[in-house]
Number of protein chains: 2
Amino acid sequence: MDLESAEPIYIQLQHQIIEGIAKKKLLPGDSLPSVRSLASDIGVNLHTVNKAYKQLKQDGYILIHRQKGVVVNPEGVPKADNSYRELLAKNLRPYIAEAVCRGFTEEEFIQTCKQIYSNFNERGE
Amino acid sequence: MDLESAEPIYIQLQHQIIEGIAKKKLLPGDSLPSVRSLASDIGVNLHTVNKAYKQLKQDGYILIHRQKGVVVNPEGVPKADNSYRELLAKNLRPYIAEAVCRGFTEEEFIQTCKQIYSNFNERGE
DNA sequence: ACATCTGTTATAGTTATAGTATAACAGATG
DNA sequence: CATCTGTTATACTATAACTATAACAGATGT
């Protein structure tokens with residue numbers, strides 16, 4: 001966590017949890033710290049953590065049983081649908097436009113993606 | 001231009017100009033509207049346009065000859081270097097983590113990228 | 001010379017977002 | 001019944017985005 005970053009803390013938190021799920025360090029059913037304990041752990045306010053959890057819940061990454069706490073979605077994360085695909089393409093567009101301008105070829109770009117993918121698919125970590 | 005978007009106007013402007021260069025609708029040496037005329041065209045303040053131009057200049061997309069106005073870099077956009085590659089990977093990471101969680105495979109992801117690339121490489125548009 | 005265009009800078013104000021600080025509520029647990 | 005949970009409400013500060021004017025300095029055209 002970088003509290004000095006331009007990236008909002010609650011966004012960094014979301015990314016970190018999503019990465020944890022992608023890397024299978026967080027498995028379906030695993031429980032996450034309460035908003036209060038996590039907030040105190042990383043030294044931020046309760047609401048900042050709550051904001052991250054709220055969004056993750058909305059996106060189907062986690063479930064929240066009032067008193068039992070926060071749990072990684074036991075059903076797994078909702079599969080990619082059309083609206084996801086559209087949003088992804090919209091988000092990637094500016095990066096690819098910049099790559100084209102800088103002479104960063106399709107092959108190089110794909111190689112970069114593959115390398116990142118491999119970070120998440122390493123088994124037995 | 002979507003003045004209602006959560007995406008800041010000056011960012012949208014940057015993206016649009018970068019896309020123009022990527023699609024070769026804007027060629028090296030082409031001149032762009034003055035900050036004032038562009039601002040009045042899209043109905044925003046002079047400073048909003050200036051902020052976008054400033055960043056584009058910093059990134060080497062455009063040159064600014066005090067009185068001659070704004071011009072697409074005649075030398076072309078600076079080629080991808082290591083710091084660019086690092087930043088790109090850092091930026092792509094969250095999108096790929098999400099894709100992994102949603103069962104969006106590497107092949108599908110790459111297919112998405114290729115399709116976007118093809119939008120920029122279409123000749124004779 | 002002079003008006004006019006250019007990018008640039010400065011100042012000030014508004015609005016929205018991010019984050020903090022408390023407090024309280026409601027359901028579940030021990 | 002105290003304590004933990006997520007949730008909600010309110011209020012405050014700091015910062016970013018945007019707007020509104022105004023002015024400056026260099027170049028151009030008449």
Side-chain angles (χ1 to χ4, degrees), chain A residues 1-18 21 26 28-75 91 94, chain B residues 1-18 21 26 28-75 91 94:
Chain A
M1 296 293 316
D2 179 10
L3 304 186
E4 308 304 318
S5 166
E7 192 97 43
I9 301 172
Y10 76 97
I11 299 282
Q12 293 181 49
L13 258 174
Q14 286 179 40
H15 287 168
Q16 207 156 318
I17 292 171
I18 293 174
I21 298 176
L26 292 173
D30 282 0
S31 55
L32 278 70
S34 74
V35 287
R36 286 177 176 82
S37 66
L38 181 51
S40 110
D41 276 1
I42 60 184
V44 300
N45 190 273
L46 159 167
H47 290 99
T48 305
V49 175
N50 194 49
K51 195 168 180 177
Y53 276 1
K54 213 170 175 177
Q55 186 65 46
L56 288 169
K57 173 186 172 190
Q58 164 119 14
D59 294 340
Y61 289 97
I62 62 179
L63 293 186
I64 298 177
H65 303 84
R66 193 83 188 197
Q67 294 320 316
K68 294 161 191 163
V70 182
V71 171
V72 178
N73 194 339
E75 314 279 330
N91 288 332
Chain B
M1 295 294 316
D2 178 10
L3 303 187
E4 308 304 317
S5 166
E7 192 97 42
I9 301 171
Y10 76 97
I11 299 283
Q12 293 181 50
L13 258 174
Q14 284 180 41
H15 287 169
Q16 207 156 317
I17 291 171
I18 293 174
I21 297 177
L26 292 174
D30 280 3
S31 54
L32 277 70
S34 75
V35 287
R36 285 177 176 83
S37 66
L38 181 51
S40 110
D41 276 1
I42 60 184
V44 300
N45 189 274
L46 158 168
H47 289 99
T48 304
V49 176
N50 194 48
K51 194 169 182 179
Y53 276 1
K54 213 170 175 178
Q55 185 66 46
L56 288 170
K57 174 188 172 188
Q58 164 118 13
D59 295 340
Y61 288 99
I62 62 179
L63 294 186
I64 300 179
H65 303 84
R66 193 83 188 198
Q67 294 322 316
K68 295 161 192 165
V70 182
V71 171
V72 177
N73 193 339
E75 314 279 329
N91 287 332

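Any value given below was found using the heavy atoms of this structure, including those in side chains, with hydrogens, waters and symmetry copies removed. Chain naming here is simple, since letters A, B, ... match the order of the sequence lines and numbering starts at 1 in each.
Rounded to whole Å, the distance from CG on A/Leu38 to P on D/dT5 is 12 Å. When rounded to the nearest whole Å, the span between OH of B/Tyr53 and P of C/dT9 equals 16 Å. In this entry the distance linking CD of A/Gln55 with C1' of D/dG6 reads 17 Å, nearest Å. We find that CG of B/Leu63 is positioned 14 Å from C1' of C/dG7, with the value rounded to whole Å. Rounded to an integer number of Å, the gap from CD of B/Glu7 to P of C/dT17 is 14 Å. Whole-Å rounding puts the A/Leu13 CG to C/dA18 C1' distance at 13 Å. C/dA21 atom P lies 16 Å from atom CG of A/Asn50, rounded to whole Å. If you measure from atom CZ of A/Arg36 to atom P of D/dT8, you get 13 Å, rounded to the nearest angstrom.
In this structure, B/Lys51 does not reach the D/dC18 phosphate: none of its side-chain N or O atoms is under 4.0 Å from OP1 or OP2. At least one side-chain nitrogen or oxygen of B/Tyr10 sits closer than 4.0 Å to the OP1 or OP2 atom of D/dA17. Put simply, A/Thr48 has no side-chain N or O that comes within less than 4.0 Å of OP1 or OP2 on C/dG19.
Using the Watson-Crick or G-U wobble rule with both distances under 3.5 Å, D/dT8 pairs with C/dA23. In this structure, C/dT29 forms a base pair with D/dA2, meeting either the Watson-Crick or the G-U wobble geometry with both donor-acceptor distances under 3.5 Å.
Closest to the side chain of A/Val35, out of D/dA17, D/dT21, D/dT7, is D/dT7.
As judged by a 4.0 angstrom heavy-atom cut-off over every strand, B/His65 is placed among residues making no nucleic acid contact.
The closest donor-acceptor contact from the side chain of A/Asp59 to the backbone of A/Tyr61 lies at 3.5 Å or more, if one exists at all.
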